[in-house]
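Residue numbers start at 1 and run along the sequence shown. Each ligand, and each atom within it, is numbered from 1 in the order the structure gives.
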Amino acid sequence: MNLKEKYTKQIKDEAKRLGFMSCGISKAGFLEEEAPRLEKWLKNNMNGKMQYMENHFDKRLDPRLLVDDSKSVISLLLNYYPEEQQNDDTYKISKYAYGQDYHHVIKGKLRKLQEFISEEIGEVSGRAFVDSAPVLDKAWAAKSGLGWIGKHSNLLTQKVGSFYFIAELILDLDLEYDHAVTDHCGSCTACIDACPTQAIVEPCVVNGSKCISYFTIELKDELPLEVKGKFDDWAFGCDVCQDVCPWNRFSKPHNEPLFNPHPDLLSLTKKDWEEITEDVFRKVFQKSAVKRTKYAGLNRNIGFLK
Ligand code: SF4
Ligand code: SF4
């Protein structure tokens, strides 16, 4: 085994030990296939009011502009599929937001992985990313063989579906690189057919400005009347396109205690949600990503669903 192979194995083994579901590696470079797609998506205003998506166009497509001397993009998946879920007859929040905010949980693990690399391999510089900087995480994970991009535009795997977070370490270290896997969506269109707001406008293209996640989390203005009645009881995010995906039958519950919901969350009825006080909101969502909407934002969403 040469040094490159040895380092690659050490990193992948440690990632697994830290609880990541899988780890794949690609050579840092320009994302040629993504460039025209991203340009078209932005040109058609599919980012809605998410203006930040228009920033750093070049950096989004090439991590070498983001991290000096970067050589490798290490993509990591962390499962968040919960063992227990909200019942159908209540207002719903995306499963990824049940427990503690993933940014903190994943950053802690990435820090440990970086420490391991410094101790075992030596001085390696780089940066860790969790949904927080212009990195096209799904494209990198797909390039690294961790899955394919499903028609709902999420990363998808035959073994475990799509309920996981994606994070990256971009390093100035040469490693062994993985290869993309084949697409297994076939003739299925379940996600496109089930989307309550018809936001999946063509296979693998989600019009962000029509997606319930955008309306309930990103949009700070009043919710537009033309989508009233279409949110299918989703109060924060939306999992419909993933819930209907046949590959998600293979999702397995995570084993990260920090992702477990507050004990009161799963039993909240519609009435409880409608009457939620700021104190209860703070208690149930103390460390959750739901805090992004703040109390007023969640109330706006619930009011819209009534
Ligand atoms: S998250 Fe919901 S609204 Fe957005 S594309 Fe998927 S099904 Fe449609
Ligand atoms: S629901 Fe069907 S088309 Fe959509 S991502 Fe899953 S397999 Fe692909």
S.K.: Of the listed options (Ser153, Cys195, Cys191, Gly208), which comes nearest to atom 8 (Fe) of ligand 1 when hydrogens are ignored and any heavy atom counts?
M.R.: Cys195
S.K.: At their closest point, which heavy atom of Ser213 faces which heavy atom of Cys238, and how far apart are they?
M.R.: OG-N, 3.5 Å
S.K.: Within the stated cut-off of 2.8 Å, is an N/O/S atom of His184 closer than that to atom 8 (Fe) of ligand 2?
M.R.: no
S.K.: Just checking: Cys241, one of its N/O/S atoms, less than 2.8 Å away from atom 2 (Fe) of ligand 1, yes or no?
M.R.: no
S.K.: For the pair Lys210 and Glu226, find out whether any cationic side-chain nitrogen is under 4.0 Å from an anionic carboxylate oxygen.
M.R.: no
S.K.: Record the part of Leu156 in heavy-atom contact with ligand 2 below 4.0 Å; permitted values are side chain, backbone, both and neither.
M.R.: side chain
S.K.: Counting only heavy atoms, which portion of Pro246 has something under 4.0 Å from ligand 2: side chain, backbone, both, or neither?
M.R.: side chain
S.K.: Atom 7 (S) of ligand 2: which protein heavy atom is closest, and how many Å away?
M.R.: Trp247 CD1, 3.6 Å
S.K.: Just need the protein heavy atom nearest to atom 2 (Fe) of ligand 1, so name the residue and atom and give the distance.
M.R.: Cys238 SG, 2.3 Å
S.K.: We want to know whether Ser72 and Tyr177 form a side-chain donor-acceptor pair, criterion being a heavy-atom distance below 3.5 angstrom.
M.R.: yes
S.K.: As an exercise, identify every atom of ligand 1 less than 4.0 angstrom from a heavy atom of Thr197.
M.R.: 3 (S)
S.K.: For the pair Asp101 and Lys291, find out whether any cationic side-chain nitrogen is under 4.0 Å from an anionic carboxylate oxygen.
M.R.: no
S.K.: Show me which atoms of ligand 1 lie under 4.0 Å from any heavy atom of Val240.
M.R.: 7 (S)
S.K.: Check this for me, if you would: do Arg17 and Asp13 make a salt bridge, where the nitrogen-to-carboxylate-oxygen distance has to be below 4.0 angstrom?
M.R.: no
S.K.: Assess whether a salt bridge exists between Lys95 and Asp239, defined as any Lys/Arg side-chain N lying under 4.0 Å from an Asp/Glu carboxylate O.
M.R.: yes
S.K.: Relative to the heavy atoms of Lys151, which atoms of ligand 2 are at a distance of less than 4.0 Å?
M.R.: 3 (S), 5 (S), 8 (Fe)
S.K.: Hey, which atoms in ligand 1 end up nearer than 4.0 Å to a heavy atom of Pro196?
M.R.: 7 (S)
S.K.: Could you find the nearest protein heavy atom to atom 3 (S) of ligand 2 and give me its residue, atom name and distance?
M.R.: Cys188 O, 3.2 Å
S.K.: Are the aromatic rings of Tyr98 and Phe259 close, with centres under 6.0 Å apart?
M.R.: no
S.K.: If the threshold is 4.0 Å, N to carboxylate O, is there a salt bridge linking Lys271 and Glu274?
M.R.: no
S.K.: Under 6.0 Å between ring centres: does that hold for Phe304 and Phe231?
M.R.: yes
S.K.: Return the residue, atom name and 0.1 Å-rounded distance of the protein heavy atom closest to atom 6 (Fe) of ligand 2.
M.R.: Cys245 SG, 2.4 Å
S.K.: In terms of residue, atom name and distance, what is the protein heavy atom nearest to atom 4 (Fe) of ligand 1?
M.R.: Cys211 SG, 2.4 Å
